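Here the structure is a predicted model, which means the values were calculated and not measured. Position 1 is the first residue of the sequence; numbering continues from there.
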Amino acid sequence: MRKQYPLKVNAASPLGFLSREEMEKIHSCALELLQDTGAEIQHKGAIEMLKNAGCYVKRKRVHFPPSLVEWALKQAPSRILLYDRDGEFAMDLSGRNSYFGTGSDCCNLYDWENRSHHTFTEQDMINGAKLADSLENIDFLMCLGLMYMYPGTSYEHQFAAMLRNTTKPMVVTAADRESIKNIAEMMAVVRGGMEEAINKPLIILYDEPTSPLNHTFEAVDKLIYCAENMLPTNYAPAIMMGGTGPMTMEGALVQCLAECLTGIVIHQLAKPGAPFVFGGCITNMDLKITQPAYSSPEANMCYSMIPQIGRELYNLPTWGMGGACGSKMPDAQAVAEGTQQAYLSGLSGVNLCHDVGFMNYGLTFSFEFLVMMDEVISQLRRVFCGVNLTEENLAMDVIKSVGPKGYFLAEDHTVKHMKEMWEPKVQDRNEHIKWQQLGSLSMEERAHAIVEDVIKNYVPKPLTEAQEEEIQKILDAADAASKIKG
């Protein structure tokens, strides 16, 4: 078992791109945008609620008074606690605590054996959940990929696959209100009831508007459901600069903030004090290929700046990115891009850093890349430790005792502290002859060996028979209802 390191940066000056004055200016611009331009709301119940709260409404266009936005920001809690499947405390979403987890809903999985991408399957989801459960630095799960064999209830079956193969907290996706209700009921099964599920949440709903400034019925309906039932949720815009948002980072930040603020107003009007995670995803569109540049310097800066505003200006739990890439395979490009993203988000203190393991603009997931990024996150958390200027660590007595031309190898101080040094599992530190004796393997090949071992040999903690039976009943009822709809 590798030594566990802190979740937040122990440093005099943690990373931040914006001054207080700059954050307040962006906030002011977002308020102006919501008041003057407003947002399209496709949910009649939400429109009526906003109108009663003092918004100016013309058809589906809603204009927000700044005072209402400021009111909503003061209602949401500054801390959200998440618990694992067994009801044990797992994550404190507040301050600069940084947690890392997988992404969701990829179309494909990278197949190492064939160097190809194949459509995501149910077995892939099971294998991915087992792998994430086994990795020490993957703190939470999202569903990795879409399971097309369940066209109407993919989200419910994805959640069930995770629930059966990991005890870690989860961020879930859902099609609509009925879908998140089914997922919440499955969570309640492992908690022994909905009241306990609300008191000790296992899940957060991932929800998002449709940029620019459009809020669909399903997105708003899920938002309201979570508020009414005190289930944690985010409301995270996914903006492409030059496509669904302005081409400048500054303009995209204003729009992203306005869309997030729209969500928190609706959410808090539905139930003041309901738990809300603040953040979004801004990438620049690569105009040569019309795809999002997931790990561009501009995107990585934005992943840090929106959560910085959420944390420092609004005092809210935050959402961001933490280990994705545009590469088509788990290669040097993937690790370079994923590492830069993880370090920037982690050192910035983003609470929930998602999409670890994403490749190919979020279209493909890679198990090998997930293993390599687990190593990167472990290394990053060692960096979080910073320095501790105790007499023991300053080692003045030892330095004086050894003196000029001495050596420290045989010192008790060396033996005492040697295990504090970070050790790799996937990276190789052997000298060349030993590396050859071990097969001359690349980092990608060593990661693949770990994936194979976990899939063949790792056994996650199972659900009880009673829990399995109840969860299957919920899935069967959801499938039956979906067939009637379809």
Side-chain angles (χ1 to χ4, degrees), residues 16 18-36 38-39 41 43 45-57 62-82 92-97 198-199 201 204-205 207-209 213 215 219-220 222-237 253-280 305-320 349-352:
L18 299 169
S19 68
R20 181 81 182 188
E21 183 180 3
E22 289 168 334
M23 289 187 283
E24 288 175 347
K25 185 170 184 178
I26 294 168
H27 173 68
S28 179
C29 288
L31 293 179
E32 180 183 336
L33 183 61
L34 287 174
Q35 185 172 38
D36 293 354
I41 310 294
H43 191 289
I47 290 174
E48 190 63 27
M49 187 165 55
L50 291 164
K51 186 176 181 180
N52 291 337
C55 293
Y56 172 72
V57 177
V62 178
H63 299 261
F64 295 75
S67 59
L68 180 61
V69 178
E70 301 286 8
W71 170 85
L73 287 169
K74 292 175 182 176
Q75 307 309 307
S78 59
R79 167 177 273 118
I80 297 173
L81 302 181
L82 288 183
D92 176 358
L93 307 185
S94 67
R96 290 181 177 272
N97 295 332
I198 292 169
N199 290 335
I204 293 176
L205 172 70
D207 198 4
E208 62 179 40
L213 302 169
H215 305 267
V220 173
K222 288 183 288 184
L223 194 64
I224 293 171
Y225 174 85
C226 285
E228 290 172 344
N229 292 278
M230 294 296 284
L231 295 175
T233 185
N234 69 4
Y235 196 65
L253 286 169
V254 170
Q255 181 184 311
C256 185
L257 213 63
E259 292 174 356
C260 288
L261 292 172
T262 301
I264 198 168
V265 169
I266 295 171
H267 187 258
Q268 294 303 305
L269 284 174
K271 190 156 191 175
F276 188 91
V277 181
F278 195 91
M305 286 188 284
I306 284 291
Q308 183 185 0
I309 295 170
R311 177 182 62 253
E312 297 181 19
L313 207 60
Y314 305 151
N315 196 27
L316 292 171
T318 56
W319 172 263
V350 180
N351 292 148
L352 286 171

Undergrad: Give, for atom OG of Ser19 and atom CD of Gln308, the distance between the pair rounded to the nearest 0.5 Å.
TA: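 Nearest 0.5 Å value for the OG-CD distance: 8.5 Å.
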Undergrad: In Å and rounded to the nearest 0.5 Å, what is the CE to CD distance from Met23 to Glu21?
TA: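 Output value for this atom pair is 11.0 Å.
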Undergrad: Would you be so kind as to tabulate the donor-acceptor pairs closer than 3.5 Å made by side chains of residues 222-229, with sequence neighbours excluded?
TA:
from, atom 1, to, atom 2, distance (Å)
Lys222, NZ, Ala174, O, 2.7
Asn229, ND2, Tyr225, O, 2.8

Undergrad: Within a strict 4.5 Å, meaning less than it, do heavy atoms of the Ile26 and Leu18 side chains meet?
TA: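 The answer is yes, as the side chains (C-beta and beyond) meet within the 4.5 Å cut-off.
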Undergrad: Side chain to side chain contact (heavy atoms under 4.5 Å, CB included) between Val254 and Glu32: does it pass, once the steps are laid out?
TA: CA-CA 10 Å; Val254 170; Glu32 180 183 336; over 6 Å; no
Undergrad: Are Ile306 and Trp319 close enough that some pair of their side-chain heavy atoms sits under 4.5 Å apart?
TA: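 No, side chains not in contact.
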Undergrad: Supply the atom-to-atom distance Tyr314 OH to Lys74 NZ, rounded to the nearest 0.5 angstrom.
TA: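 If we round to the nearest 0.5 Å, Tyr314:OH and Lys74:NZ are 13.0 Å apart.
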Undergrad: Evaluate the side-chain proximity of Ser94 to Ser78: yes if any heavy-atom separation is below 4.5 Å, no if none is.
TA: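 Answer no - side chains too far apart.
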Undergrad: Thr233 side chain to Leu205 main-chain N or O, any donor-acceptor pair under 3.5 Å?
TA: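 Indeed, once roles are kept as given, a pair shorter than 3.5 Å links the two residues.
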Undergrad: Do His27 and Leu73 come close enough that some side-chain heavy atom pair is under 4.5 Å?
TA: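 His27 vs Leu73: side chains touch.
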Undergrad: Looking at Pro209, is its backbone amide N or carbonyl O close enough to the side chain of Glu259 to form a donor-acceptor pair, meaning the two atoms are under 3.5 Å apart?
TA: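 Such a contact is absent between Glu259 side chain and Pro209 backbone.
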Undergrad: Can I get a per-line list of side-chain donor-acceptor pairs under 3.5 Å for residues 262-280, giving both atom names and the distance, sequence neighbours left out?
TA:
from, atom 1, to, atom 2, distance (Å)
Thr262, OG1, Ala258, O, 2.9
Gln268, OE1, Gly273, N, 2.7
Gln268, NE2, Ala274, O, 3.0

Undergrad: Taking atom CG of Leu68 and atom CD of Gln35, what is their separation to the nearest 0.5 Å?
TA: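 Reported to 0.5 Å precision, the distance equals 11.0 Å.
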Undergrad: Which heavy atom of Lys51 sits nearest to which heavy atom of Val57, and what is that distance?
TA: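 Where Lys51 meets Val57 most closely, the heavy atoms are CB-CG2, 3.9 Å.
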Undergrad: Between Asp207 and Ala236, is there a donor-acceptor pair closer than 3.5 Å when you use the side chain of the first and the backbone of the second?
TA: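 Not confirmed, Asp207 side chain does not pair with Ala236 backbone.
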Undergrad: Counting N and O atoms only, with roles assigned by atom type, does the side chain of Asn97 sit under 3.5 Å from a partner on the main chain of Leu93, one being a donor and the other an acceptor?
TA: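 Side chain of Asn97 to backbone of Leu93, a donor-acceptor pair under 3.5 Å: no, none is there.
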Undergrad: Could you measure the distance from the CD atom of Glu22 to the CG atom of Leu313? Nearest 0.5 Å is fine.
TA: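 It comes to 12.0 Å.
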Undergrad: In Å and rounded to the nearest 0.5 Å, what is the CG to CG distance from Leu316 to Asn234?
TA: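 Nearest 0.5 Å value for the CG-CG distance: 12.0 Å.
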Undergrad: Quick one: closest heavy-atom pair of Thr318 and Gly349, and the distance?
TA: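 Nearest pair, atom of Thr318 first, then Gly349: OG1-O, 4.1 Å.
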Undergrad: Minimum heavy-atom separation for Ala46 to Val220, with atom names?
TA: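 Scanning both residues completely, I find the closest heavy atoms to be CB-CG1, 3.6 Å.
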Undergrad: Do His215 and His43 touch side chain to side chain, with heavy atoms closer than 4.5 Å?
TA: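 Contact flag for His215/His43 side chains = no.
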Undergrad: According to side chain to side chain donor-acceptor pair (under 3.5 Å), who are the partners of Glu24, at least two apart in sequence or on a separate chain?
TA: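 Per chain and number, Glu24 pairs via side chain to side chain donor-acceptor pair (under 3.5 Å) with Arg20.
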Undergrad: If you look at every heavy atom in Gly38 and Leu213, which pair is closest and at what distance?
TA: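 Looks like O-CD1, 4.0 Å.
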